[in-house]
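No experiment lies behind these values; they were computed from the predicted model shown.
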Amino acid sequence: MTAVFRSLSARNYRIWFAGALVSNVGTWMQRTAQDWIVLTKLSDNDAIAVGITMALQFGPQLLLLPLTGLAADRFDRRRMLMLTQGLMGALGLGLGIMVLTDTATLWSLYGFALALGIVAAFDTPIRQAFVSDVVQGEHVSNAVALNSASFNAARLIGPAVAGVLIAAIGSGWVFVINAGSFLAVLVALRFVDPTQLAERVRPKRGKGQIIAGFTYVRTRPDIIVVLCMIFVVGTFGVNFPIFTSTMARVEFGKGAGEFGLLNSVMAIGSVAGALLSARRDRPRMRTLVIASAGFGLACTAAAVAPTYWTFAVVLVFVGLASLTFMTTANALVQTTTKPAMRGRVMALYMAIFAGGTPIGAPIVGAVADAWGPRWAIVVGAASGFVALAIALVWLIRWEHLRLRYDADARLHLAVTHAVPVVGTRASRAAVRRDLERDEAMADRSSSV
């Protein structure tokens, strides 16, 4: 098995990966249908309505953060995922029935987005942390990257299929099909062997467990700088439904099929970015820096693309840069966090990443309405450059980043002490000691 797919050697991960892939295809079909029906059926090409829908769907991840992270660390993740995935399937079925019976309104869809967001607020950190349950040790980073590849391979397939189905049989059936796709992940979770899951050090019941997650992050400056970067890009840059729907409909005058195609084209770059990340033995800060710059440049090119097809081509590079950025940030946080804190830290990560959408999506939608979709994409480009600036300021001030010439007179960026992640020397040593101790405890527990 090649290095790219090394984590698939674990039986539990193979089962989980297959079920999640089917479910992700259905999820992307639903997202495409949802954005399209809001823009064209339930409003008069109103980008703000799309932004509000996204805000309601992602806002609960921020508001419920104290509860969702603790739930991910305290409860059985496999059983919790069966509950959350089942609820999301039921919500998709309900929306499908409403659309098929022509009873859906903009406000009812807002309610659906909010309900889905509440369930997803619990599902997301549990699903993120569950990766380290089915895959342990050195393969965790690879598994995180393959999860991103799966998610974006689904984005390659789902929107294109949704565009065809919307035109052929209507949006309602797309929601129903998505509801059925959740059965795949429920079956996969049923066949995951609980005895092969990693032993976990769960937090004790009592006061202070929620605050402990925030306290831990506060002592990790390397995680803080990554969270700052992911907040900026997640809030103002990753608003792709607004970018693609308004460019397709308003700027180029295209229909549902062409809109779905744009999402699939961007997913080509996303899958490539995820697979490239999977090849790396560990995530590095320099990759995050390069991806930030690449995202800003790619969005700038997309904003000035003169035709539909040039815009589609540039979206490949937008997808490549954005997925490299997101996968590297995710893996940096997951692989350097204490196992006992992983659920709470990942809840904070996802809340910052997705919870910024209620702020950014309406703003970006308003920019698209007021000045056109091209200026909305410029906002996304600026987020990449701001994230780049955050990283460079950190590296220059605290990691002593300097320019130097080697013997061949080639310019290099050099950090005075080479490390896989940022942070102070003492904090990195402490993190390594904590990780080694927790992994040793888990190994002893599993061998008993």
_Counting C-beta onward and ignoring hydrogens, is there a side-chain heavy-atom pair between Val161 and Val25 closer than 4.5 Å?_
no
_Phe243 side chain reached by Val238 side chain, heavy atoms, under 4.5 Å_ = no
_Close side-chain approach of Leu315 and Phe240, heavy atoms under 4.5 Å_ = no
*Hey, does the side chain of Thr124 reach the backbone of Ala121 with a donor-acceptor pair shorter than 3.5 angstrom?*
no
*asked:* Applying side chain to side chain contact (heavy atoms under 4.5 Å, CB included) to Thr246 and Glu251, what does each step give before you reach the verdict?
replied: CA-CA 7 Å; Thr246 55; Glu251 191 70 20; over 6 Å; no
*Give the intermediate values and the outcome of side chain to side chain contact (heavy atoms under 4.5 Å, CB included) for residues Arg14 and Val192.*
CA-CA 9 Å; Arg14 287 197 303 271; Val192 164; over 6 Å; no
*Looking only at non-hydrogen atoms, find the nearest pair between Trp375 and Trp371 and report the distance.*
CD1-O, 3.3 Å
_What's the separation between atom OG in Ser181 and atom CE in Met29, rounded to the nearest 0.5 Å?_
8.0 Å
*Would you find a donor on one side and an acceptor on the other, under 3.5 Å apart, between the side chain of Thr328 and the backbone of Phe325?*
no
_Separation of Arg284 CZ from Ile290 CD1 (nearest 0.5 Å)_ = 11.0 Å
*Hey, does the side chain of Ser23 reach the backbone of Ala20 with a donor-acceptor pair shorter than 3.5 angstrom?*
no
*asked:* Given 3.5 Å as the limit, does a donor-acceptor pair link the side chain of Thr235 with the main chain of Val232, or not?
replied: no
*State, yes or no, whether a side-chain contact exists between Arg127 and Leu81 at a heavy-atom distance under 4.5 Å.*
yes
*Determine, stepwise, if the pair Val22 / Phe182 fulfils side chain to side chain contact (heavy atoms under 4.5 Å, CB included).*
CA-CA 8 Å; Val22 175; Phe182 282 100; over 6 Å; no
*Do Ile223 and Tyr349 touch side chain to side chain, with heavy atoms closer than 4.5 Å?*
no
*Specify the closest pair of heavy atoms between Ile390 and Met229, including all atoms of both residues, with the distance to one decimal.*
CG2-CG, 4.0 Å
_Check: Tyr308 side chain, Glu258 main-chain N or O, donor-acceptor pair, under 3.5 Å_ = yes
*Is the side chain of Thr310 donor-acceptor paired with the backbone N or O of Thr307 at a distance under 3.5 Å, no angle test?*
yes
_Heavy-atom neighbours of Phe112 CZ exceed 12 at 6.0 Å_ = yes
*Non-hydrogen atoms of Leu114 and Pro60 that approach each other most closely*: CD1-CG, 4.0 Å
*At what distance, to the nearest 0.5 angstrom, does CD of Gln34 lie from CG of Asn178?*
10.0 Å
*asked:* Quick check: do Thr337 and Tyr216 have side-chain heavy atoms less than 4.5 Å from each other?
replied: yes
*So, Asn12 side chain and Asp193 main chain: donor-acceptor pair closer than 3.5 Å or not?*
yes
*Is Arg220 salt-bridged to Asp222, going by a charged N under 4.0 Å from an acidic O?*
yes
*May I ask you to test the Val225-Pro221 pair for a side-chain heavy-atom distance under 4.5 Å?*
no
*Which atoms form the tightest heavy-atom contact between Val233 and Ala387, and what is the distance?*
CG2-CB, 3.8 Å
*What pair of heavy atoms forms the shortest contact from Ala376 to Ala368, and how long is it?*
CB-CB, 3.9 Å
_Could you report the tightest heavy-atom contact between Leu262 and Ala312, atom names first, then the distance?_
CD2-CB, 3.8 Å
*Short question: side chain of Arg374, backbone of Ala305 - any donor-acceptor pair under 3.5 Å?*
yes
_Separation of Asp123 CG from Thr84 OG1 (nearest 0.5 Å)_ = 3.5 Å
_Once rounded to the nearest 0.5 Å, what's the spacing between atom OG1 of Thr244 and atom CZ of Arg249?_
13.5 Å
_Distance (rounded to the nearest 0.5 Å) between Thr324 OG1 and Phe295 CZ_ = 11.5 Å
*Hey, is the main chain of Asp133 close enough, under 3.5 Å, to the side chain of Arg77 for a donor-acceptor pair?*
no
*Check step by step if side chain to side chain contact (heavy atoms under 4.5 Å, CB included) holds for Leu227 and Leu348.*
CA-CA 9 Å; Leu227 293 180; Leu348 179 60; 4.0 Å; yes
*Met247 side chain reached by Ile377 side chain, heavy atoms, under 4.5 Å*: yes
